[in-house]
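Structure first, then comments.
Within every chain, numbering begins at 1; the chains are lettered A, B, ... in the order of the sequence lines, protein sequences first and strands thereafter. Just the heavy atoms: all of them, side chains too, but no hydrogens, waters or symmetry mates, feed the values below. Quick caveat, the model's predicted, so the values are computed rather than measured.
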2 protein chains.
Amino acid sequence: MQPFIQASNAILRQHGYRLTPQRHMILCVIQEAGGHLSIDQILERVQQQNPYVSLSTIYRTIDLLKSVDLIHESHLPGEQPMYETIEGHAHHHLICRRCRATIHLDQELLGNLNEQLQKQYQFHGISLGLVAAGYCNNCWTILQQEQNSNLEQE
Amino acid sequence: MQPFIQASNAILRQHGYRLTPQRHMILCVIQEAGGHLSIDQILERVQQQNPYVSLSTIYRTIDLLKSVDLIHESHLPGEQPMYETIEGHAHHHLICRRCRATIHLDQELLGNLNEQLQKQYQFHGISLGLVAAGYCNNCWTILQQEQNSNLEQE
DNA sequence: ATTCGTGCAAAAGCTTTGCATGTAG
DNA sequence: CTACATGCAAAGCTTTTGCACGAAT
């Protein structure tokens with residue numbers, strides 16, 4: 001068994017939950033994807049292994065995994081909520097507004113911002129979420145071309 | 001008329017839209033609030049001025065204002081989407097998970113992150129959105145007390 | 001006259017819940 | 001045996017859409 005699953009099992013048991021086959025599948029699917037998965041995508045991939053897993057189980061499991069901090073939810077404006085495993089460190093995202101390509105950014109980018117805010121505003125248990133949206137080089141070029149051809153038509 | 005409304009009007013007209021009474025009210029409500037407003041809160045405040053404005057108008061107007069970059073949407077996991085005016089500069093937030101107090105953070109906090117990302121990933125037109133969520137000092141104290149009394153009951 | 005915007009009501013999603021059945025400890 | 005999990009179906013929300021009326025150009 002993968003160490004990731006062993007660790008997850010331990011955490012679940014600490015909270016009084018069992019690692020059922022469904023929960024196991026869902027965890028594996030999310031981890032193997034590496035990146036963001038929506039509820040739909042999780043359902044689809046889980047059902048490839050067992051078509052009888054229901055959508056409500058996905059929802060309930062996601063809630064449960066969130067509550068014990070095994071997975072993290074991020075919710076970009078205009079998008080479905082996405083889920084990914086946490087595995088110890090937070091991460092941030094750089095997204096292309098056009099092709100939706102997503103680059104994962106390192107926690108270090110934000111330096112000591114966490115402690116800074118904690119001190120300055122006396123907040124506790126701060127979690128940071130950075131979303132950077134722009135246009136990747138490729139899409140930027142395409143957009144430029146589109147603009148040019150629009151101008152010519154007028 | 002406020003300069004903010006004049007500017008908004010100009011931007012709307014540039015895109016071929018009109019500044020209708022409803023759109024005017026919605027813009028004012030969001031700007032006057034200063035911080036984050038949800039769809040519900042916008043509807044409530046708009047209807048204090050005119051009870052016959054419908055929810056679908058709020059949705060449609062919000063979509064339109066987003067599309068011309070007059071307002072910005074942020075969507076924290078487990079919360080409703082929130083809206084605020086942009087007014088030329090990005091801003092970031094520190095939010096208390098319990099009392100919802102919102103502190104506006106300075107753009108400078110993120111330093112040259114923008115240029116850094118631009119160079120490193122060759123992205124263009126990057127806008128940054130930082131959301132920091134935690135517990136303010138007051139709520140943190142209250143939560144501690146609640147936890148203690150829960151333990152005693154068991 | 002024609003295009004744009006709104007309100008209403010219905011429809012469409014997405015998410016949660018109640019309940020009976022099944023499973024693990 | 002008891003508590004926990006699941007699947008199914010129904011209910012609950014939030015958001016979007018179709019359509020007819022009204023307003024602006």
Candidates D:dT16, C:dG5, C:dA24 - which lies nearest the side chain of B:Y59: D:dT16
Any idea how A:H75 and B:H75 line up, ring-wise: parallel (<30°), tilted (30 to 60°), or perpendicular (>60°)? parallel
Distance (rounded to the nearest 0.5 Å) between A:Q31 CD and A:E84 CD: 12.0 Å
Ignoring the backbone of A:T20, work out which of C:dG5, C:dG7, D:dT6 is nearest its side chain. D:dT6
Establish, with yes or no, whether the OP1 or OP2 oxygen of D:dT25 is under 4.0 angstrom from a side-chain nitrogen or oxygen of B:R18. no
B:R23 atom CZ is separated from D:dA24 atom P, nearest whole Å, by 12 Å
What's B:Q22 touching, base or sugar-phosphate or nothing? Going by heavy atoms closer than 4.0 Å. sugar-phosphate
B:W140 vs A:H124 aromatic rings, parallel, tilted or perpendicular, using cut-offs 30° and 60°? parallel
Could you state the atom-to-atom distance from CG of A:L12 to P of C:dG25 in whole Å? 13 Å
Please report, rounded to the nearest Å, how far the P atom of C:dC8 is from the CG atom of B:L43. 11 Å
Between D:dT6 and A:T57, is there an OP1 or OP2 to side-chain N/O distance shorter than 4.0 Å? no
Here the distance between atom C1' of D:dT6 and atom CG of A:L19, to the nearest Å, is 15 Å
For A:F4 and A:T85, what are the C-alpha separation, side-chain angles and deciding distance, and is it a side-chain contact (heavy atoms from CB on, under 4.5 Å)? CA-CA 10 Å; A:F4 166 69; A:T85 54; 3.6 Å; yes
Answer with base, sugar-phosphate or nothing: what part of the nucleic acid does B:P21 contact at a heavy-atom distance below 4.0 Å? nothing
Quick one: label A:S56 by what it contacts on the DNA or RNA (base, sugar-phosphate, nothing), any heavy atom closer than 4.0 Å. base
Roughly, in whole Å, what's the span from NE2 in A:H75 to P in D:dT14? 14 Å
Between atom CG in A:L64 and atom P in D:dC4, what is the gap in whole Å? 12 Å
Report the relative orientation of the aromatic rings in B:Y121 and B:F123; use parallel for angles under 30°, tilted for 30 to 60°, perpendicular for over 60°. perpendicular
Atom-pair distance (CG on B:L55; C1' on D:dC13), nearest Å: 12 Å
Nucleotide nearest A:R60 when distance is taken to its side chain, options D:dC8, D:dA3, C:dT6: D:dC8
Output the rounded distance in Å from CD1 (B:I39) to C1' (D:dT16). 12 Å
